[in-house]
Amino acid sequence: MAVLVVADHDNTALVPIILNTVTAAAAINDDVHLLVAGENAGTAAEAAARVAGVSAVLHADSPAYGHQLAEALAPLIVGLAGSYSHVLFPSNTTGKNVAPRVAALLDVAQISDIVEVISEDTFVRPIYAGNAMATVQSTDPVKIITVRGTAFAAAAEDGGSAAVQGTDGAEDPGLSSFLGQELTKSERPELTAARVIISGGRGMQSGENFEIIERIADKLGAAVGASRAAVDAGYKPNDYQVGQTGKVVAPELYIAVGISGAIQHLAGMKDSKIIVAINKDEEAPIFSVADYGIVGDLFKVVPELEEELEKQGISAR
Amino acid sequence: MKLLVAVKRVIDYNVKVRVKADETGVETANVKMSMNPFDEIAVEEAVRLLEDGTATEVVAVSLGVQQCQETIRTALAMGADRGIHVKTDEELQPLAVAKLLAKIVEKETPDIVILGKQAIDDDSNQTGQMLAGLLGWSQGTFASKVYLADGKANVTREVDGGLETLAINLPAIVTTDLRLNEPRYASLPNIMKAKKKEITEITPDELGVDVAPRLTTLKVTEPPKREGGIKVETVSDLIDKLKNEAGVI
């Protein structure tokens, strides 16, 4: 049976993590279908059809699907699930919101946040914020899965030529409605999608002092994060927090500035490809996970780093 | 308005978890256990609604082994009125927890059930949404603000790109994110008072729920170990390494 991927999108374009989710789906079965449920989402459905490795696109269009509300989407997906062995969602805020509702309605377990496909019924997923890896097997007839995007390569955005097939929507239960959104106005990328992250800890000493790392961020096209200690001290709001109870990130480059490396922070960033630590305490635990460490006063090292990046003409990729 | 809050007993977030040598799970013997941090936020939100007169009763529920009653006591010390303990030594997976909570909701008929968005042990992030599905209720997940008016809840949600606000019908499920509030510490007098509050015990059998696990954990292993790297002396050495050795800038 084919695998269904439930696409997250803004009715125009797919959210990039869908490309990684398609790769995870293809590791289960090479017959991968994408569901694009939206409002006037024809453009998104066309984009879905171009994704390499996708063999069919189901397009359900209704005002009820315009904002990816779980209450409206779940009955639609439940209705389709019988034709599939697996239904995959991205492990982003949309997928995490919708998938468990679908699983409950189907009376099946959900396998959250998989990072590896062992076989069609066995998957690896992190528990305890990645401090342990669980290999789990499901015997349910339909497997409802969310996929951690950073663990799978992105499928090519182009190269596919799947047919787009319209599908009827399910009845809207009318339980919820969208009032508005306030997307973070930042030129910087989002933490969970950034290729480079620079985070500050309690060593920053104040919220104003984050400016020195923000300047590096702007040079490298990086997102800015903070440790729980920095958030608790009020230097930055909670949505900056990287760690076990904040955001779990795995960028190509993570620069930890004035962060000692409490367990709770390490849990949120230790899967980064390259970790750089700048800290004046050479015994700080952050150095035990850092590929490159500089022991020194961050207020001296960080401006030097900015200067040197400038001098060498290094900028965002 | 009546509120139900679900609280889970988990390994304290400051404990470094260790995988057991036989790969069957993580070490829990002699490890400090606490209320799941997101559930503390759920209790705090419920208690605030009680204090401002919006809610009339807050019931805290925990499911699992005998010691879950300590977690319920914590919720009672924070200000919940009474507790329900669904007692079992079986492993409870999110679907089973959602089914048990659904039965309790039928008995207690709360207007809102508030849960943490995820537990920091299994990191599933499922129970609230599953409960909403089973009950056919609306769901306001990853909430950073909840405003109640005219039989609806306006829930501001933490989404990847920022915030979004939904109007959801009551009764509803709300799951908490970090920014919703800052949970209080229970005061000593309140801890003493909590000892006198009532905790009702019930079993999954009495609730008529089959809690058999659907997922089998084949093994639990250490994540790939990360080796500490090197210290570099100067910023230009660092840039050289990042550029030429790691190739990330």
Side-chain angles (χ1 to χ4, degrees), chain A residues 70-71 74 92-93 96-97 100-101 103-105 108-113 127-138 140 175-184 190 192 220 238-239 244-246 252-253 263-264 270 274 287-295 301 304-305 308 312 314, chain B residues 13-14 16-17 19 26 37 93-95 98 120-126 129-130 132-134 136-139 141-142 154 158-169 178-179 214-223 226 228-232 235-236 238-239 241-243 246 248-249:
Chain A
E71 296 85 346
N92 65 358
T93 47
K96 287 185 209 175
N97 185 40
R101 191 172 178 107
L105 292 172
V108 300
Q110 177 186 313
I111 308 147
S112 292
D113 224 12
I127 55 176
Y128 294 94
N131 285 306
M133 308 301 285
T135 303
V136 296
Q137 186 172 36
S138 160
D140 284 321
L175 291 168
S176 54
S177 57
F178 178 84
L179 293 181
Q181 61 186 5
E182 199 181 305
L183 298 184
T184 306
E190 221 185 275
T192 49
L220 294 175
N238 265 331
D239 59 341
Q244 178 154 9
T245 51
E252 277 187 45
L253 173 61
I263 297 160
Q264 108 85 34
K270 66 181 177 48
I274 296 290
F287 287 117
S288 69
V289 300
D291 298 278
Y292 306 112
I294 292 192
V295 180
V301 175
E304 260 179 53
L305 180 60
E308 196 66 26
Q312 299 198 21
I314 295 169
Chain B
Y13 80 90
N14 275 315
K16 167 98 181 104
V17 297
V19 172
V26 303
Q93 293 183 349
L95 182 63
I120 61 165
D121 50 4
D122 61 19
D123 284 331
S124 289
N125 192 335
Q126 298 174 4
Q129 297 90 311
M130 285 183 158
L134 294 174
W137 288 12
S138 58
Q139 62 187 59
T141 55
F142 325 146
N154 286 0
E158 301 249 351
V159 294
D160 291 322
L163 300 171
E164 75 170 22
T165 303
L166 307 180
I168 61 175
N169 292 359
L178 288 170
R179 279 207 279 183
R214 300 295 187 84
L215 298 178
T216 312
T217 300
L218 302 180
K219 60 175 179 177
V220 173
T221 53
E222 293 269 359
R226 191 161 188 122
I230 55 163
K231 296 227 170 71
V232 293
V235 164
S236 51
L238 174 65
I239 290 185
K241 297 279 184 199
L242 291 177
K243 209 166 140 179
V248 289
I249 58 170

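Predicted model, so just to flag it, every value in this text is computed and none were measured. Lettering of chains follows the sequences in order, A, B, ..., and the numbering in each one begins at 1.
Both the backbone and the side chain of A/Gln137 come within contact range of chain B, judged by heavy atoms closer than 4.5 Å. Residue B/Ala98 does not touch chain A at all, counting heavy-atom pairs closer than 4.5 Å. Proximity to chain B (any heavy atom under 4.5 Å) is restricted, for A/Leu220, to the side chain, taken from C-beta onward. With a 4.5 angstrom heavy-atom cutoff, B/Val19 touches chain A only via side-chain atoms. For chain B, the nearby parts of A/Ser138 are the backbone and the side chain; heavy atoms of each come within less than 4.5 Å. At a 4.5 Å heavy-atom cutoff, the contact between A/Ala290 and chain B is made by backbone atoms alone. With a 4.5 Å cut-off on non-hydrogen atoms, A/Glu71 touches chain B through its side chain but not through its backbone. Of the two parts of B/Ile239, only the side chain, counted from C-beta on, holds a non-hydrogen atom closer than 4.5 Å to a non-hydrogen atom of chain A. With a 4.5 angstrom heavy-atom cutoff, B/Leu95 touches chain A only via side-chain atoms. Interface remark: B/Pro94 contributes no atoms to any contact with chain A (heavy atom separation under 4.5 Å).
The residues A/Lys96 and A/Asp113 are annotated as not salt-bridged, no charged nitrogen and carboxylate oxygen being separated by less than 4.0 angstrom.
In this structure, the side chains of A/Asn131 and B/Lys16 come closer than 4.5 Å at one or more pairs of heavy atoms. Using a 4.5 Å cut-off on side-chain heavy atoms (C-beta onward), B/Glu158 and A/Thr93 make no contact.
For the options A/Thr192, A/Asn92, A/Ile263, A/Asp239, heavy-atom pairs under 4.5 Å to chain B are most numerous at A/Asp239. For the set A/Gln312, A/Glu308, A/Gln264, the count of heavy-atom pairs under 4.5 angstrom toward chain B peaks at A/Glu308. Ranked by heavy-atom pairs under 4.5 Å with chain B, the first of A/Leu179, A/Leu105, A/Asp140 is A/Leu179.
With sequence neighbours excluded, the residues forming a side-chain contact (heavy atoms from CB on, under 4.5 Å) with B/Val248 are A/Glu252, A/Leu253, A/Lys273, A/Ile274, B/Leu242, B/Ala246, listed by chain and number. Applying the side-chain contact (heavy atoms from CB on, under 4.5 Å) criterion to B/Lys241, with sequence neighbours excluded, gives A/Tyr292, B/Ile230, B/Val232, B/Glu245.
B/Gln139 and B/Thr141 form no side-chain donor-acceptor contact under 3.5 Å, judged by distance and modelled atom types alone.
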